[in-house]
Amino acid sequence: GMNAAVRAVTRMGIYVGAKVFLIYEGYEGLVEGGDNIKQANWLSVSNIIQLVRITTGLWWVSPSQPRGCRWRCLRVVRSGGLPRCCDPKEGWAPAPRWWGRECPEITRVVAVTPPGQISEEVARENCRLNIVGLVGSIDNDFCGTDMTIGTDSALPRIMEVIDAITTTAQSHQRTFVLEVMGRHCGYLALVSGLASGADWLFIPESPPEDGWEDLMCERLGETRSRGSRLNIIIIAEGAIDRSGKPISSNYVKDLVVQRLGFDTRVTVLGHVQRGGTPSAFDRVLSSKMGMEAVMALLEATPDTPACVVSLSGNQSVRLALMECVQVTKDVQKAMDEKRFEEAIQLRGRSFENNWNIYKLLAHQKPAQEKSPFSMAILNVGAPAAGMNAAVRSAVRIGICQGHTIYVVSDGFEGLAKGQVREVGWHDVAGWLGRGGSMLGTKRTLPKTCMEKIVENVRKFNIQGLLVIGGFEAYEGVLQLVEARGQYEELCIVMCVIPATISNNVPGTDFSLGSDTAVNAAMESCDRIKQSASGTKRRVFIVETMGGYCGYLSTVTGIAVGADAAYVYEDPFTIHDLKANVEHLTDKMKTDIQRGLVLRNEKCHEHYTTEFLYNLYSSEGKGIFDCRINVLGHLQQGGAPTPFDRNYGTKLGVKAVLWMSEKLQQVYSKGRVFANSGDTACVIGLRKKVVAFSPVTELKKVTDFEHRLPQEQWWLNLRLMLKMLANYQISLTEYISGQMEHV
């Protein structure tokens with residue numbers, strides 16, 4: 001993701017009229033100067049967004065380096081007239097402390113510096129250095145941001161290994177101990193454990209209680225006795241026990257072998273976690289942060305303290321760097337002083353949430369008492385990655401609550417036909433990494449079979465209905481709510497978990513499956529671009545899915561550095577198409593002689609994919625040729641990304657807990673009667689919080705003709721897409737768009 005950040009900072013800086021310099025080899029490049037500092041132009045960062053290697057190089061810096069070495073860095077910066085600095089690398093956090101403290105001192109000592117190093121005039125004009133940082137670390141160990149650059153790309157590497165190991169472990173009935181990175185932060189271990197359903201987890205923030213060896217072996221033995229053919233144990237490299245003694249993967253392996261006699265193997269992932277193509281999330285995150293960093297530098301005054309651009313929900317925010325550094329230090333201090341609960345809280349609400357959910361789902365805990373309630377879970381609409389993760393967590397948390405849990409095959413149609421069965425804890429084992437829908441799903445809406453649905457709701461005494469699916473799921477629950485006046489059996493608690501690659505369900509910023517779909521489309525576009533590496537002057541027109549919703553095209557376009565992305569929500573005319581052709585014609589005169597244009601499948605009634613192909617081919621004749629690629633259903637397939645696995649797991653847990661609370665509220669005299677609007681909701685992530693929105697309220701803000709919410713947050717990303725693609729969009733328009741979104 002670092003290359004995407006470098007690209008965004010460079011192009012945004014050039015766009016606003018600044019001179020942008022790239023410093024190669026990190027702080028070492030500052031010390032050496034010379035060819036390590038080069039002025040960048042627009043093409044300097046072309047075609048780097050998908051690269052794995054860091055184009056500017058990396059160099060670790062220690063704040064304990066000699067003071068003279070640090071002053072030399074400052075002299076190089078000053079002699080180059082660089083008043084502002086943006087750094088997207090890992091290991092940079094200590095530097096602003098001594099830069100901010102010692103930068104003014106360079107001015108005071110200029111009279112005694114050797115001749116030619118820095119002039120008094122230059123020192124006087126550049127006595128301040130504004131600094132903005134972007135945090136790049138796969139460990140996600142920096143407090144103040146929900147996610148650091150690189151973390152989302154490291155997780156798929158881990159999950160690929162776990163998925164592959166699961167296959168061989170099941171075949172040979174083995175136990176695997178996987179060691180992942182994280183000397184001081186257990187985020188990678190925690191999220192991969194949650195996304196894989198690991199049997200046991202070791203993280204430095206929460207060491208196991210004394211006597212953990214006995215408890216772990218007991219649980220592993222119980223799992224095998226219930227029919228499981230494998231055990232997965234995940235350990236962070238910095239795992240410790242309560243006394244601070246390291247827990248190694250080999251120690252855990254020997255323990256399992258000696259006490260249980262299980263065939264056990266150790267896999268240490270190591271630096272494979274740092275490699276691989278950056279994920280779509282990291283590319284978009286880095287681009288957003290990079291552009292925000294430039295705006296922060298433009299607005300800075302000489303007295304503005306160093307800041308860091310962080311992620312809060314889906315927003316880029318600026319925080320005081322040194323305050324974030326201090327909180328990060330406080331986490332380590334709490335761990336050193338064995339205040340482990342406080343350490344987890346200091347990591348942030350998301351980290352604490354993940355840890356609590358993992359503990360809930362990792363091992364079956366008998367309910368304190370049997371609940372009088374029964375719930376049914378079904379999938380509706382097109383299949384989407386993450387559906388099975390949501391079903392699994394919902395089933396297990398429901399069982400922990402003491403409820404009777406039913407699953408329904410084939411959506412509302414299956415409910416009408418009575419395809420309902422009760423499930424237990426182990427019936428959903430192994431579902432986390434499965435793509436598609438294990439329950440089966442159809443698009444049938446309740447209005448076509450309402451009476452049969454009511455009959456089966458009565459027959460199975462269903463008092464809570466959890467529907468996981470796309471726009472049809474939302475519309476179907478709305479139909480059930482509107483039929484409550486006619487059928488008393490439908491006065492039950494209902495909840496919708498949005499799951500669709502189109503991301504077009506009202507009430508949420510992100511739907512399950514959309515992250516997997518974006519990554520699938522991105523990987524295909526990367527391959528398409530690579531295929532043109534030996535064929536110059538070629539433009540690819542790629543059609544994506546999404547119905548009328550342009551989320552998939554827009555986010556994929558940002559992630560792959562597309563030249564254009566046509567969507568229904570952002571109307572375009574023949575004049576816009578003409579401008580795009582002219583842009584690509586100019587591009588062919590540079591060293592980057594290829595183009596990529598994305599088109600949402602229903603972006604325009606007349607400007608079809610075939611029309612665009614004919615237009616571009618005709619207007620570009622003799623300059624470039626065109627090819628069409630329709631991605632189709634490959635965007636729906638594949639194993640879910642770690643994000644969709646975790647997101648589905650969290651939504652499943654929170655949905656059932658909310659339904660349990662509502663059932664208690666509407667339960668009276670031995671029956672459930674829920675007829676208020678707030679008893680049928682869509683659960684979703686809105687800004688930074690998981691919220692429940694009544695379907696009756698969402699109806700007012702829904703475009704049913706085009707199956708879209710009337711307001712969509714991601715439309716703000718369109719400005720970023722156009723700006724980074726060298727479109728003629730004004731800076732005023734970009735800033736006003738940002739402010740309107742906020």
Side-chain angles (χ1 to χ4, degrees), residues 158-180 189-203 208 212-235 249 251-267 269 354 357-367 377 386-400 405 407 421-439 639-640 642 645-646 648-649 652-653:
I158 299 172
M159 294 313 305
E160 287 170 10
V161 173
I162 293 176
D163 288 347
I165 280 176
T166 297
T167 305
T168 184
Q170 286 178 330
S171 301
H172 298 281
Q173 298 192 50
R174 283 179 177 153
T175 296
F176 270 88
V177 181
L178 278 82
E179 181 180 308
V180 301
L190 174 56
V191 174
S192 56
L194 193 60
S196 63
D199 297 284
W200 198 271
L201 181 63
F202 295 93
I203 59 174
W212 62 269
E213 294 93 341
D214 296 332
L215 183 58
M216 183 188 74
C217 292
E218 180 184 338
R219 287 191 179 175
L220 296 180
E222 286 180 9
T223 305
R224 288 292 182 94
S225 66
R226 292 189 176 119
S228 175
R229 294 179 59 86
L230 80 158
N231 299 112
I232 299 292
I233 301 169
I234 297 179
I235 179 169
S249 50
Y251 174 75
V252 175
K253 172 203 167 184
D254 293 340
L255 186 69
V256 174
V257 171
Q258 291 168 10
R259 297 203 182 185
L260 298 173
F262 294 166
D263 185 6
T264 307
R265 305 296 168 91
V266 172
T267 299
L269 298 190
N354 286 335
I357 290 176
Y358 172 78
K359 290 189 293 184
L360 274 175
L361 301 178
H363 184 70
Q364 183 174 0
K365 304 168 188 66
I377 304 170
M387 277 183 166
N388 297 321
V391 172
R392 171 187 174 271
S393 64
V395 166
R396 291 194 166 182
I397 197 66
I399 291 172
C400 289
I405 304 296
V407 293
R421 70 181 190 277
E422 186 176 351
V423 289
W425 183 277
H426 296 282
D427 293 326
V428 291
W431 283 29
L432 260 172
R434 301 283 189 90
S437 169
M438 299 291 289
L439 295 180
R645 299 187 197 197
N646 280 340
T649 299
V653 169

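Only a predicted model underlies this, so the values are computations on that prediction, with no experimental measurement involved. As a basis for the values below, the full set of heavy atoms in this structure was taken, side chains included, without hydrogen atoms, waters or symmetry mates.
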Quiz item: Any side-chain heavy atom of Leu215 sitting closer than 4.5 Å to one from Trp200?
Solution: yes
Exercise. Would you please name every residue forming a side chain to side chain donor-acceptor pair (under 3.5 Å) with Asn646, sequence neighbours left out?
Key: none
Quiz prompt | Atom pair OG (Ser393) and CD1 (Ile357), whose distance is rounded to the nearest 0.5 Å | solution = 8.0 Å
Quiz item: Quick check: does any side chain N or O of Thr223 sit under 3.5 Å from a backbone N or O of Gly221, one acting as donor and the other as acceptor?
Solution: no
Quiz item: Closest heavy-atom contact between Phe262 and Leu220?
Solution: CE1-O, 4.2 Å
Quiz item: Are Glu422 and Val407 side-chain neighbours, meaning at least one heavy-atom pair lies under 4.5 Å?
Solution: no
Quiz item: Which atom names give the shortest non-hydrogen contact between Met387 and Ser437, and what distance separates them?
Solution: SD-CB, 4.0 Å
Quiz item: If you measure from CZ on Phe202 to CG on Leu190, what distance do you get to the nearest 0.5 Å?
Solution: 14.0 Å
Practice problem: Run the numbers on Asp214 and Arg259 for side chain to side chain contact (heavy atoms under 4.5 Å, CB included), then give the verdict. | Solution: CA-CA 9 Å; Asp214 296 332; Arg259 297 203 182 185; 2.3 Å; yes
Exercise. Before giving the answer on side chain to side chain contact (heavy atoms under 4.5 Å, CB included), spell out for Arg392 and Leu432 the whole-Å C-alpha distance, their side-chain angles and the decisive distance to 0.1 Å.
Key: CA-CA 7 Å; Arg392 171 187 174 271; Leu432 260 172; 3.6 Å; yes
Quiz prompt | Heavy-atom donor-acceptor pair, Asn388 side chain to Gly435 backbone, under 3.5 Å | solution = yes
Quiz item: Is it the case that more than 12 heavy atoms not belonging to Arg421 sit under 6.0 Å from its CZ atom?
Solution: no
Quiz item: Mind checking whether Thr267 and Ile165 have side chains closer than 4.5 Å, heavy atoms only?
Solution: yes
Quiz item: Can you check whether Arg265 reaches Val177 side chain to side chain, under 4.5 Å on heavy atoms?
Solution: no
Quiz item: Under the 3.5 angstrom rule, does the side chain of Tyr358 hit a backbone N or O of Val191 as a donor-acceptor pair?
Solution: no
Quiz item: Of all heavy-atom pairs between Gly386 and Pro640, which one has the smallest distance, and what is that distance?
Solution: N-CB, 3.8 Å
Quiz item: Are any non-hydrogen side-chain atoms of Asp427 and Val395 less than 4.5 angstrom apart?
Solution: no
Self-check item: Inter-residue atom distance Ser192.OG - Ile158.CD1, 0.5 Å rounding
Solution: 5.0 Å
Quiz item: Do any N or O atoms from the side chain of Arg219 and from the backbone of His363 form a donor-acceptor pair under 3.5 angstrom?
Solution: no
Quiz item: Stepwise, does the side chain to side chain contact (heavy atoms under 4.5 Å, CB included) test hold for Ile399 with Val423?
Solution: CA-CA 9 Å; Ile399 291 172; Val423 289; 5.7 Å; no
Quiz prompt | Closest heavy-atom pair and its distance - Ala394, Ile377 | solution = CB-CD1, 3.8 Å
Quiz prompt | Approximate separation, where rounding is to 0.5 Å, of Ile397 CD1 and Thr649 OG1 | solution = 11.5 Å
Self-check item: Least distance between heavy atoms, Ser196 atom then Ile162 atom
Solution: CB-CG2, 3.6 Å
Quiz item: Just by distance, do the side chain of Arg396 and the backbone of Trp425 share a donor-acceptor pair under 3.5 Å?
Solution: yes
Quiz item: Are Arg645 and Asp163 close enough for a salt bridge, meaning some N to O gap below 4.0 Å?
Solution: yes
Quiz item: Arg174: what forms a salt bridge (charged side-chain N to carboxylate O under 4.0 Å, His left out) with it, not counting sequence neighbours?
Solution: Asp263
Practice problem: Could you tell me which non-hydrogen atom of Val252 sits nearest to which non-hydrogen atom of Met216, and how far apart they are? | Solution: CG1-CE, 4.1 Å
Quiz item: Taking side chain as C-beta onward, heavy atoms only, is Val161 less than 4.5 Å from Phe176?
Solution: no
Quiz item: Does the side chain to side chain contact (heavy atoms under 4.5 Å, CB included) test come out yes or no for Lys253 and Ile233, once each step is laid out?
Solution: CA-CA 9 Å; Lys253 172 203 167 184; Ile233 301 169; over 6 Å; no
Self-check item: From Asn231 atom CG to Asp199 atom CG, the distance as rounded to the nearest 0.5 Å
Solution: 4.5 Å
Quiz item: Once you round to the nearest 0.5 Å, how far does CG of Leu361 lie from CG of Leu194?
Solution: 7.0 Å
Quiz prompt | Side-chain touch Leu439/Trp431, heavy atoms, less than 4.5 angstrom | solution = yes
Practice problem: Taking the side chain as every heavy atom from C-beta outward, state whether Leu230 and Ser228 have any atom pair closer than 4.5 Å. | Solution: yes
Quiz item: Would you say the side chains of Thr175 and Arg224 form a donor-acceptor pair under 3.5 Å?
Solution: yes
